[in-house]
Amino acid sequence: MSFHEVQRLLHLMNVEMDQEYAFQLFQAADTSESGTLEGEEFVEFYKALTKRTEVYELFENFSADGQKLTLLEFVDFLQEEQKEGERASDLALDLIDRYEPSDSGKLRHVLSMDGFLSYLCSKDGDIFNPTCLPIYQDMTQPLNHYYINSSHNTYLVGDQLCGQSSVEGYIRALKRGCRCVEVDIWDGPSGEPIVYHGHTLTSRIPFKDVVATVAQYAFQTSDYPVILSLENHCSWEQQQVMACHLTEILGEQLLSTTLDGLLPTQLPSPEELRGKILVKGKKLRTLEEDLEEEEEEEELESELEREQEADPELEAQLESEPQELSPRSKDKKKEKVVMCPLFCPPVCCEVVVQAPISKPGPLLFPKQRSKPILCPSLSALVVYLKSVSFHSFTHSREHYRFYETSSFSETKARSLIKEAGNEFVQHNAWQLSRVYPSGLRTDSSNYNPQELWNAGCQMVAMNVQTAGLEMDIYDGLFRQNGACGYVLKPDFLRDVQSSFHPERPISPFKAQTLLIQVISGQQLPKDDMSKERSIVDPLVRVEIFGVRPDTTRQETSYVENNGFNPYWGQTLSFRVLVPELALLRFVVKDYNRKSRNEFIGQYTVPWTCMQQGYRHIHLLSKDGISLHPASIFVHISIREGLEGDES
């Protein structure tokens, strides 16, 4: 490789280097003095090019001889800088064994410069605490105590008006950890329900295909329960088909009764519901009435079995004669159903009868309904997640039960947070809430989920097909806890008597000060690889999302013409009132003085999952795909209280 070819390579690698300095590195590597680099010569040139001066300086600060870190020196580094505390001694031995490349170094319990750099670039040196990657939270609390990864109009893979409906939407959502998916069902041809966005030009797919897809992919990413949020617009007959598909296709996966057959006092936990699919939708009766009827039916069956055992001839008689309802069952049926004098099908009528009819009375004419009556077989599949309309928080407390859930548009939810934020927090401590995007978002854009999480809303449904800032925040929260789709809410959002107000947070929530030194970047990609001669001018923006006073952003200056190893060395300071709710988003952009800065990469991490000390942040693309080896190197420090706060 000639020097001219090396210069072209540097452009492709996003490096604008002084020609004289580049030629010095070239000559130093060209030990054969042939005027070209071959084999090992190019390796040496690359090593010189990628030398991390800032890491060497850090290494030398803790190394007595500048050649290695002894076990004690490495322990000092882990305690003083990485804030590893009492576990530093055991951790140091483990990290040396894991990242030191030489066998002799491992035997002597020392860490070379290569081993030190390998550690800093590893998952142990990552800003995301590796202990938060597997399932680490208590999964035995009621469902309403968790944020639940939720999707809006999951069947759409494009916009809300003309976009394609596809089972691929469910596959993508479930594979990325969604635990609540939405299904809009309408009457279809040949008696088969279809799924699409009603009254639009979106394409249509059979409901049974959606159910089959959910059955196949529900638990590939996570074992924890999947919620099917049904928007049912079907006639009585096609509702029966829906119920049939759900029971036959989902089989044992479908939860069709309470876990123990008893009336619960709270929602079950994700742990108790492992491997189960729950239906969320309208329900004809209360759970109490369902369980009471099941108990009566079991009593009747037991009574019949006892009679058969006592009189064998009765059993033979029952088998040979048509079955009739017992008098008790007849009375029960009379209380609920009256034959319409116009002989209408059940779908058109609603007749209320206070007592059994024992003699002919005046004609009862049906009340015509504008909406179809809910089919009992479909209603029965809704157990813990009965959909109810929201009127007010007072109305919910006085009339609703813990297994009833309300849905809110993003506009309504935001309004409630401003008007009655504390009441919303208390409401979400005992009942599930689902929030969905405004109907005006026809382009399938998203809203910021953070302000809904601040109020404890569990199912904040997103258009997961649309990448961007909002989905970065969403994915950032749900990256933790095994990416299982459930994240435990902070304790002050699980208390029905909580005093927390998301718009006016006050103590006892402990404020903290965050100092972030943005040190350097490594191998940042070009925003447009087709432009061979363009080299990025990178800057780093740090954004914090949380309660309103905590939501802010700061950025470094830009480094001109260097995407390969830019150096900033700038410190940003933030004050955070409620760190338990905060997420940090690190964004690298290409500075452009004439237009908007171009996105290069980002990474979002919850405050509670962030490691202090010298850390690498490995960047992701707009679609959440790793941009390895692109990263930025930072130092994170957290102090209790606010700067200048002597308390």
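For reference, positions follow the sequence shown, starting with 1.
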Got a donor-acceptor contact below 3.5 angstrom from the His427 side chain to the Cys457 backbone?
-> no
For side-chain contact (heavy atoms from CB on, under 4.5 Å), just list the numbers for Glu84 and Gln611, CA-CA rounded to whole Å, side-chain angles, deciding distance to a tenth of an Å, and then say yes or no.
-> CA-CA 9 Å; Glu84 297 291 0; Gln611 295 198 101; 3.9 Å; yes
Would you call Glu451-Arg414 a salt bridge at under 4.0 Å N-O?
-> yes
Apply ring-ring contact (aromatic ring centres under 6.0 Å, His included) to His395 and Tyr400, showing your working.
-> CA-CA 8 Å; His395 179 272; Tyr400 288 159; 5.1 Å; yes
Does Tyr447 reach the main-chain N or O of Glu470 with its side chain, forming a donor-acceptor pair under 3.5 Å?
-> no
Do any N or O atoms from the side chain of Lys276 and from the backbone of Glu252 form a donor-acceptor pair under 3.5 angstrom?
-> yes
What are the two closest heavy atoms between Phe500 and Val425, and how far apart are they?
-> O-CG2, 3.8 Å
What distance separates Trp453 CH2 from Tyr147 OH, expressed to the nearest 0.5 Å?
-> 8.0 Å
Val214 to Leu174 - nearest heavy-atom pair and separation | CA-CD1, 4.1 Å
Worked verdict on Tyr403 versus Gln431 for side chain to side chain donor-acceptor pair (under 3.5 Å) = CA-CA 7 Å; Tyr403 56 81; Gln431 197 176 57; over 6 Å; no
Mind listing the closest non-hydrogen atom pair of Ser621 and Leu627 along with its distance?
-> N-CG, 3.7 Å
Are Asp472 and Lys622 within salt-bridge range, i.e. N to O under 4.0 Å?
-> no
Can you find a heavy atom in the side chain of His152 that is under 4.5 Å from one in the side chain of Arg434?
-> yes
Please say whether the positively charged group of Arg479, taken as NZ for Lys or CZ for Arg, lies over the ring of Tyr603, i.e. under 6.0 angstrom from the six-membered ring centre and within 45 degrees of the axis.
-> yes
More than 12 heavy atoms of other groups within 6.0 Å of Arg441 CZ = yes
Looking only at atom types and distance, does a side-chain atom of Arg553 sit under 3.5 Å from a main-chain N or O of Arg541, one as donor and one as acceptor?
-> no
Yes or no on side-chain contact (heavy atoms from CB on, under 4.5 Å) for Thr552 and Phe545, after CA distance, side-chain angles and deciding distance?
-> CA-CA 7 Å; Thr552 185; Phe545 299 92; over 6 Å; no
Looking only at atom types and distance, does a side-chain atom of Ser150 sit under 3.5 Å from a main-chain N or O of Cys180, one as donor and one as acceptor?
-> no
Note: Lys412-Glu419 ion pair, threshold 4.0 Å (strictly below) | no
Residues Lys280 and Ser387: closest non-hydrogen pair is NZ-OG, 3.5 Å
In Å and rounded to the nearest 0.5 Å, what is the CZ to OG distance from Phe424 to Ser433?
-> 4.5 Å
Give me the ring orientation class for Tyr474 and Phe478: parallel if the planes are under 30° apart, tilted from 30 to 60°, perpendicular past 60°.
-> tilted
Intermediate values then yes/no, side chain to side chain donor-acceptor pair (under 3.5 Å), Thr200 and Thr202 = CA-CA 6 Å; Thr200 68; Thr202 56; 2.9 Å; yes
Can you tell me how far the CD1 atom of Ile227 sits from the CD atom of Gln458, to the nearest 0.5 Å?
-> 9.5 Å
Can a donor-acceptor pair be found between the side chains of Gln602 and Thr604 at a distance below 3.5 Å?
-> yes
Which atom of Ile148 lies closest to which atom of Leu432, heavy atoms considered = CD1-CD2, 4.1 Å
Please identify each residue that fulfils salt bridge (charged side-chain N to carboxylate O under 4.0 Å, His left out) with Arg172, with sequence neighbours left out.
-> Glu168
Residues 206-223 vs side-chain hydrogen bond (donor to acceptor under 3.5 Å, both in side chains), sequence neighbours excluded, gives Asp223-Arg274
Where is the tightest heavy-atom contact between Gln240 and Cys375, given as atom of each residue plus distance?
-> CG-SG, 3.3 Å
Would you check, one step at a time, whether the test side-chain contact (heavy atoms from CB on, under 4.5 Å) holds for Val210 with Val181?
-> CA-CA 11 Å; Val210 170; Val181 294; over 6 Å; no
Taking atom NZ of Lys489 and atom CD of Gln141, what is their separation to the nearest 0.5 Å?
-> 10.5 Å
Measure up the Trp186 and His233 rings against each other and bin them: parallel (under 30°), tilted (30 to 60°), perpendicular (over 60°).
-> parallel
Using a 4.5 Å cut-off on heavy atoms from C-beta on, say whether the side chain of Lys283 contacts that of Asp290.
-> yes
Taking only Lys NZ, Arg NE, NH1 and NH2, and the carboxylate oxygens of Asp or Glu, determine whether Glu503 and Arg548 approach each other closer than 4.0 Å.
-> yes
Evaluate whether atom CD of Glu288 has more than 12 neighbouring non-hydrogen atoms of other residues, nucleotides or ligands under 6.0 angstrom away.
-> yes
Any donor-acceptor pair under 3.5 Å linking the side chain of Ser151 with the backbone of Val464?
-> no
Between Phe574 and Ile638, is any pair of side-chain heavy atoms under 4.5 Å apart?
-> no
Between atom CG of Leu583 and atom CG of Asp550, what is the distance when rounded to the nearest 0.5 Å?
-> 11.5 Å
Working for side chain to side chain donor-acceptor pair (under 3.5 Å), residues Ser444 and Gln160 | CA-CA 6 Å; Ser444 293; Gln160 305 286 311; 2.8 Å; yes
Atom NE2 of His628 and atom CG of Leu620: how far apart are they, to the nearest 0.5 Å?
-> 12.5 Å
Strictly by modelled atom types, are Ser498 and Gln426 linked by a side-chain donor-acceptor pair under 3.5 Å?
-> no
List the steps, then state whether side-chain contact (heavy atoms from CB on, under 4.5 Å) holds for Lys282 with Val382.
-> CA-CA 7 Å; Lys282 299 290 185 182; Val382 177; over 6 Å; no
Say whether, by atom type as modelled, one donor and one acceptor occur between the side chain of Asn428 and the main chain of Ala455 under 3.5 angstrom.
-> yes
Answer whether the closest heavy-atom distance between the side chains of Thr608 and Asn129 falls below 4.5 Å.
-> no
Ignoring hydrogens and angles, state whether a donor on the side chain of Tyr155 or Glu182 is under 3.5 Å from an acceptor on the partner side chain.
-> no
For the side chain of Asn481 and the backbone of Gln137, is there at least one donor-acceptor N/O pair under 3.5 Å apart?
-> yes
Quick check: does any side chain N or O of Thr258 sit under 3.5 Å from a backbone N or O of Leu262, one acting as donor and the other as acceptor?
-> yes
Taking atom CZ of Arg98 as the centre, does the number of heavy atoms from other residues, nucleotides or ligands within less than 6.0 Å exceed 12?
-> yes
Just by distance, do the side chain of Thr551 and the backbone of Gly546 share a donor-acceptor pair under 3.5 Å?
-> yes
